[in-house]
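Just so we're on the same page: letters track the sequence lines, and every chain starts at 1. Note that this is a predicted model, so its numbers are computed, not measured.
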2 protein chains.
Amino acid sequence: MARRGRPKAGEEAAHRDAVISAAFDELVAKGYEKTTMLDIAKRAGASKETLYNWFTNKEGLFSALIKYQADTTITRIKVALQDNTDPRTTLIDFAHNLLRILLSEPSLSLNRAAMTSVDLAAILLKHGRHATGSIVENYLERLAEQGYLKISSPESAFQLLYGLILQDWQIRVLLGETPPSEDLLSQHAERAVDLFFSLAKG
Amino acid sequence: MARRGRPKAGEEAAHRDAVISAAFDELVAKGYEKTTMLDIAKRAGASKETLYNWFTNKEGLFSALIKYQADTTITRIKVALQDNTDPRTTLIDFAHNLLRILLSEPSLSLNRAAMTSVDLAAILLKHGRHATGSIVENYLERLAEQGYLKISSPESAFQLLYGLILQDWQIRVLLGETPPSEDLLSQHAERAVDLFFSLAKG
DNA sequence: GTTAAACCGTACTAGTAGGTACGTTTAAAG
DNA sequence: CTTTAAACGTACCTACTAGTACGGTTTAAC
């Protein structure tokens, strides 16, 4: 990975990804404060100066991480919601994905990092919670129009669904509790969606 | 507050409280990383060496903060649950208190601080979430025995209640969103408890 | 070829904060 | 009255890290 001199054509994107990936690894291993720009550079086979050229500063680099993770999250959620089977299965799939993502180490580390900087927090809120929120709200609104749900507003419906799915798992795991197993997660997703329907089906 | 020399008898407790209070103020104002021991000492009219004598190190001081806040929280929750009116009113009172506490600046700042240290996180988890959890679970179990609820386990019942009450408010406010108004909070508490009963009443 | 951009590696700057040491002061203890 | 514990204030040490500067190197571009 360590190349010296001007990069060959077409190599830039891969190199940038290597930096992002290295930053994730360091972040998960050490946390935001103890992750240094030098460590990231070394792991990526890049130089510190390059990191600063590309991302301006440490916050800039980590805001790029947030956006990167948010993009893959959004993609996965959109895929889950495009399932054309019944709404129950679709929502269970969504719930399962949401739990898996939000309880994954990269997401947790990113959330912890965001707590230490108002700017990072704002970016995470915008690209994370609010971005997925509006997508799911659209979906719920469609369900309501089709008569599957009776809801007062898409926002409050999504908040309810979110609460039923996540309960206090995220905050507990953020504080160091070990996350539930895959099996428990999928059981929980199913139960949460069923509760949601029993509350929102009118 | 700034006394020099050996303290007069009976002054120690007040002085210790002054340090705790100063630490809270600094924490809320600047966040954990940017709060220095010197700042706290100055605000409390104490010396840095005294802080280290009393609390060993920075983490020790903040773990004292966590325990202090947890104690007052537990007290308030116990009071709310001792109400001998009907269960619905009691739980709404509890829900309202929980929301107010968890969305208050001191609690938020403490949670953000705990995210940066596994040790602090463990303490917060134990004295915060788990301590209140077991109290409320006991209460819910009593309700179940009295026939007010049909629940599979107190743990899962409390988790459900918690999810209905808090939804994603805590994580959103932790990330910088402005918390809902008092009015919204109490409306929300009522709605959450009603949903809980409609799900858990069998 | 020659130029110039992008990059690596190393060294350097500067600021900061946790933690310690010490001399001084006050009041409790006896 | 003397001794001693507890505390203040200041100065100090140590370690670390974000960010900058620069010289050397490789490749694209022309």
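Rounding to whole angstrom units, CD of residue Glu49(B) and P of dG23(C) are separated by 12 Å. Atom CG of Leu51(A) and atom C1' of dG9(C) are 13 Å apart (whole Å). Atom OH in Tyr52(B) sits roughly 16 Å away from atom P in dA7(D) (whole-Å rounding). As rounded to whole Å, 9 Å separates atom P of dG18(C) from atom CZ of Phe62(B). Atom P of nucleotide dG19(D) and atom CH2 of Trp54(A) are separated by 18 Å, given to the nearest angstrom. Between the CG atom of Asp39(A) and the C1' atom of dA18(D) there is a distance of 13 Å, given to the nearest Å. The interatomic distance linking Phe55(A) (CZ) with dA18(D) (P) rounds to 15 Å, in whole Å. In this structure, the NZ atom of Lys34(A) is 16 Å from the P atom of dA15(D), given to the nearest Å.
With Lys30(B) as the partner, the side-chain hydrogen bond (donor to acceptor under 3.5 Å, both in side chains) test is satisfied by one option alone out of Asp39(B), Thr36(B), Thr35(B): Asp39(B).
Here dA7(D) is the nucleotide among dA17(C), dA7(D), dC8(C) with the atom lying nearest to any side-chain atom of Thr50(B). Among the nucleotides dA7(D), dG19(D), dG19(C), the one closest to the side chain of Lys58(A) is dG19(D). Proximity note for His15(B) (side chain, C-beta onward) versus dA7(D), dC7(C), dG19(C): the nearest is dA7(D). Among the nucleotides dG18(C), dC8(D), dA18(D), the one closest to any side-chain atom of Ser47(B) is dC8(D).
Ion pairing between Arg88(A) and Glu190(A) holds under the 4.0 Å rule for side-chain N and carboxylate O.
For Lys48(B) and dG9(D), a side-chain-to-base donor-acceptor distance below 3.5 Å is absent, hydrogens and geometry of angles not being considered.
Thr35(A) comes within 4.0 angstrom of sugar-phosphate atoms only, judged by non-hydrogen atoms across all strands, and of no base. No engagement by Asn53(A) is indicated, since no non-hydrogen atom pair under 4.0 Å with the nucleic acid exists.
Taking the six-membered ring where tryptophan is involved, the planes of Trp54(A) and His15(A) are perpendicular, since the angle between them exceeds 60° and thus also 30°. Using cut-offs of 30° and 60° on the angle between ring planes, the pair Tyr32(A) and Phe62(A) is perpendicular.
Taking each heavy atom of Val19(B) and Ile40(B) in turn, the nearest pair found is O-CG2, 4.1 Å.
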